[in-house]
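Heads up, the thing below is written out as structure tokens.
Chain identifiers are assigned alphabetically (A, B, ...) following the order of the sequence lines, protein sequences preceding nucleic acid strands; residue numbering begins at 1 within each chain.
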Amino acid sequence: MLQIQYLRDHTQEAIERLKKRNIDAATAVNKALELDEIRRKAQQESDQLLAESNAASKEIGALMQAGKKQEAEIAKGKVASIKEQIKTLEEAQLQSENKLTQHLYTIPNAPYHLVPDGKGAEDNLEIRQSGTIPDLGANAVPHWELAAKYDLIDFELGVKITGAGFPVYKGKAARLQRAMINFFLDENTKVGYQEYQVPHLVNEASGIGTGSLPDKEGQMYHVGIDDLYLIPTAEVPLTNLFRDVIVKAEELPIKLTGYTPCFRREAGSYGKDVRGLNRLHQFDKVEIVQIQHPQNSYATLEDMVNHVAGILDKLKLPYRILRLCGGDMGFTSAMTYDFEVYSTAQQRWLEVSSVSNFESFQSNRLKLRFREGNEKPQLAHTLNGSALALPRIMAGILENYQVADGINIPEVLVPYCGFNKIS
RNA sequence: GGUGAGGUGGGUGAGUGGCUUAAACCAACAGUUUGCUAAACUGUCGUACGGGAAACCGUACCGGGGGUUCGAAUCCCCCCCUCACCGCCA
């Protein structure tokens with residue numbers, strides 16, 4: 001959620017930035033300002049009356065103490081009439097606050113000035129390509145065929161015990177997956193991210209904190225009997241650790257990493273996009289999160305991008321980095337880089353990581369603040385990224401490392417796996 | 001799941017209807033003193049929103065939500081959480 005203070009103080013700037021979303025930014029912002037105006041008036045009226053009532057009650061107390069019962073009774077009558085008015089004014093204030101909040105929920109984050117203009121995926125800006133796309137010849141097959149051929153991943157078994165989009169990993173594939181999780185966590189902790197193990201279910205307040213609720217309610221699995229949500233990403237529990245927290249400026253940046261399964265309902269997907277490991281209801285991911293001073297958050301974003309690129313370099317996978325355009329960016333992000341690994345057999349790019357700076361959009365809801373010396377607390381910036389998402393890396397390895405008699409294992413993973421080839 | 005006791009500022013903890021503007025102590029910060037470290041002394045010390053150029057003023061917040069009352073940290077109801085014991089259990 002954008003800060004109303006920001007919209008008030010930097011109205012034109014906010015509108016210019018929001019225009020990149022291809023929305024009617026001026027109308028959205030002006031409506032917020034109008035609702036804010038109403039809200040402030042309502043608060044002023046309500047506060048004033050409350051002040052009167054408080055003062056009157058105090059007088060009654062003094063009269064009672066002095067034993068002037070009759071005068072106190074008269075005063076009580078006065079307060080009673082104020083009370084009726086307070087009720088309606090407080091109601092009006094609450095309503096005006098809710099209206100403003102509800103409206104602010106509908107405004108996406110304001111894109112950073114470096115975000116390219118554009119409507120969709122085709123307008124994303126390619127920053128660089130790296131690694132070599134292998135020449136697999138005519139016999140290259142997509143990962144789902146490899147998975148069947150070498151008995152690695154059983155999609156039917158997953159359907160049997162749960163449903164579509166819940167694959168079962170077997171033998172060396174299970175081992176490879178576990179190896180990758182360890183490798184990723186090691187790479188992250190090596191550069192200062194602290195490893196966390198967090199719950200895979202969160203309460204409603206956490207869902208609201210990171211912006212999954214109320215907007216994306218239908219994308220999360222909900223356990224009704226206990227009113228808990230299965231996490232769509234470790235970002236939710238990791239970032240919410242710092243909900244309602246004021247940290248010292250010296251403690252920034254705070255760097256967290258964690259492995260969790262992720263659960264996504266993803267209604268409405270179809271065809272080639274969901275074939276094999278391309279899109280799943282449950283998948284594994286190692287996430288990195290940083291909480292940073294606003295002045296440093298964009299430098300940190302570049303650091304995180306370089307870090308993720310370093311991991312892909314070590315895996316020797318062909319990939320490219322995109323800076324997403326305004327039309328393709330997520331609702332909560334101010335700037336996002338996507339990493340895509342080339343799936344040679346499918347001849348398409350697969351997103352394996354998304355690294356974003358949310359500026360204060362998340363921390364505003366989370367009330368995640370920092371304090372510099374004795375100054376007033378201010379909202380911190382939050383950033384996160386995948387380092388990395390497992391299934392598509394798995395797909396990328398299976399496809400790019402396939403040879404005539406099997407699948408080679410990237411060198412860096414061999415010590416983690418204990419084998420160097422699947423055959 | 002059952003029974004009981006609890007939940008108050010960064011921490012400990014007092015407060016059972018108006019003398020609370022939440023005491024006191026500790027921690028933290030600033031200053032004074034001082035060979036050094038330390039100690040002592042003085043002062044500051046919650047958050048949010050609103051008003052104001054500012055000083056400052058107003059309002060709300062004592063786990064969360066309702067209620068009683070002119071007035072609630074305090075009384076009542078519901079929920080959440082913590083601790084102890086019991087039950088169940090990897």
Side-chain angles (χ1 to χ4, degrees), chain A residues 1-9 32-105 197-209 213 222-229 237 240-252 254 360 362-380:
Chain A
M1 180 166 64
L2 287 170
Q3 297 176 69
I4 185 65
Q5 191 70 41
Y6 172 73
L7 297 181
R8 245 192 271 166
D9 297 346
L33 294 179
E34 265 171 50
L35 291 172
D36 182 49
E37 193 75 26
I38 295 168
R39 180 196 121 246
R40 279 148 72 193
K41 271 219 182 87
Q43 184 181 339
Q44 280 171 42
E45 287 172 8
S46 165
D47 277 0
Q48 199 197 329
L49 219 56
L50 277 168
E52 277 176 38
S53 152
N54 284 344
S57 289
K58 222 171 241 179
E59 259 176 64
I60 293 169
L63 290 171
M64 297 285 272
Q65 221 111 76
K68 298 176 181 170
K69 274 211 167 156
Q70 273 191 348
E71 288 175 49
E73 284 306 319
I74 294 165
K76 272 190 198 180
K78 254 193 242 170
V79 178
S81 74
I82 299 179
K83 243 192 109 181
E84 272 310 301
Q85 296 178 60
I86 286 179
K87 229 181 173 180
T88 45
L89 284 179
E90 276 194 320
E91 184 81 13
Q93 190 196 342
L94 197 71
Q95 243 180 42
S96 63
E97 264 170 31
N98 284 341
K99 268 190 189 162
L100 176 61
T101 308
Q102 287 307 318
H103 179 63
L104 288 176
Y105 278 163
Q197 280 194 1
V198 289
H200 302 162
L201 283 86
V202 293
N203 56 29
E204 188 187 21
S206 297
I208 290 172
L213 294 172
H222 182 225
V223 182
I225 193 166
D226 291 307
D227 197 17
L228 294 171
Y229 294 86
N240 269 285
L241 295 173
F242 291 85
R243 168 155 47 88
D244 287 317
V245 168
I246 302 173
V247 299
K248 289 186 186 141
E250 308 91 82
E251 294 172 53
L252 300 175
I254 293 166
S360 61
Q362 283 186 330
S363 55
N364 191 26
R365 280 206 208 177
L366 288 162
K367 297 202 190 88
L368 195 185
R369 290 163 292 175
F370 71 95
R371 191 199 300 275
E372 221 141 11
N374 283 331
E375 284 174 33
K376 274 191 67 156
Q378 19 169 348
L379 294 175

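Look at U82(B): its Watson-Crick or wobble partner, with both distances under 3.5 angstrom, is A5(B). Applying the Watson-Crick and G-U wobble criteria (two distances, each under 3.5 Å), C36(B) pairs with nothing in any strand. Checking C62(B) for Watson-Crick or G-U wobble geometry (two distances, each under 3.5 Å) identifies no partner in any strand. Under the Watson-Crick or G-U wobble criterion, with both distances below 3.5 Å, U42(B) is paired with A30(B). Using N1 to N3 plus N6-O4 or O6-N4 for Watson-Crick, or N1-O2 and O6-N3 for G-U wobble, each under 3.5 Å, A72(B) pairs with nothing. The base-pairing partner of A90(B), taking Watson-Crick or G-U wobble contacts with both distances under 3.5 Å, does not exist among the strands shown. When Watson-Crick and G-U wobble pairs are counted only if both distances are under 3.5 Å, A14(B) pairs with no nucleotide at all. Pair check for A55(B) finds none; no Watson-Crick or G-U wobble contact set falls under 3.5 Å.
C62(B) and A48(B): their C1' atoms are spaced 16 Å apart (whole Å). For C79(B) and U21(B), the P atoms lie 33 Å apart once the distance is rounded to whole Å. Separating the P atom of G2(B) from that of C61(B) is a span of 32 Å, rounded to the nearest Å. G46(B) and A27(B) have their C1' atoms separated by 15 Å, with the value rounded to a whole Å. A distance of about 22 Å separates the P atoms of U82(B) and C89(B), rounded to the whole Å. A72(B) and G66(B) have their C1' atoms separated by 14 Å, given to the nearest Å. Between U8(B) and C25(B), the distance separating the two C1' atoms is 15 Å to the nearest Å. C75(B) sits 31 Å from C86(B) when the P atoms are compared, rounded to a whole Å.
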Do Val247(A) and Arg369(A) pass the side-chain contact (heavy atoms from CB on, under 4.5 Å) test, and can you show the C-alpha distance, the side-chain angles, and the key distance before you say yes or no?
CA-CA 6 Å; Val247(A) 299; Arg369(A) 290 163 292 175; over 6 Å; no
side-chain contact (heavy atoms from CB on, under 4.5 Å), that's the test. Do Asp226(A) and Leu201(A) meet it? Break it down for me.
CA-CA 10 Å; Asp226(A) 291 307; Leu201(A) 283 86; over 6 Å; no
Steps toward side-chain contact (heavy atoms from CB on, under 4.5 Å) verdict (Ile60(A), Lys76(A)):
CA-CA 7 Å; Ile60(A) 293 169; Lys76(A) 272 190 198 180; 3.9 Å; yes
Evaluate the side chain to side chain donor-acceptor pair (under 3.5 Å) criterion for residues Asp47(A) and Gln43(A): first the C-alpha distance (whole Å), next the side-chain angles of each, then the deciding distance (0.1 Å), finally the verdict.
CA-CA 6 Å; Asp47(A) 277 0; Gln43(A) 184 181 339; 3.2 Å; yes
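For the pair Thr101(A) (side chain) and Glu97(A) (backbone), a donor-acceptor distance under 3.5 Å is present. Formation of a donor-acceptor pair under 3.5 Å by the Ser363(A) side chain with backbone atoms of Leu379(A) is not found in this model. Ser96(A) places a side-chain N or O within donor-acceptor distance of the main-chain N or O of Gln93(A), the cut-off being under 3.5 Å.
On the nucleic acid side, RNA chain B contacts chain A at distances under 4.0 Å to non-hydrogen atoms, with the end points of that region at G18(B) to G71(B).
A residue-by-residue look at Ala51(A) and Arg39(A) shows that Arg39(A) has its nearest nucleotide of RNA chain B further toward the 5' end. Heavy-atom distances to RNA chain B give each of Gln5(A) and Arg369(A) a nearest nucleotide, and the one nearer the 5′ end belongs to Arg369(A).
For Tyr105(A), there are no ring-ring contact (aromatic ring centres under 6.0 Å, His included) partners at least two apart in sequence or on another chain.
The residues Glu84(A) and Lys87(A) are annotated as not salt-bridged, no charged nitrogen and carboxylate oxygen being separated by less than 4.0 angstrom.
Using a 4.5 Å cut-off on side-chain heavy atoms (C-beta onward), Glu90(A) and Leu50(A) make contact.
Backbone-only engagement by Gln44(A) is indicated by non-hydrogen atom pairs under 4.0 Å involving sugar-phosphate atoms exclusively.
Of the residues in residues 52-62 of chain A, Asn54(A), Ser57(A), Ile60(A), Gly61(A) come within less than 4.0 Å of RNA chain B through at least one heavy atom, sorted by number.
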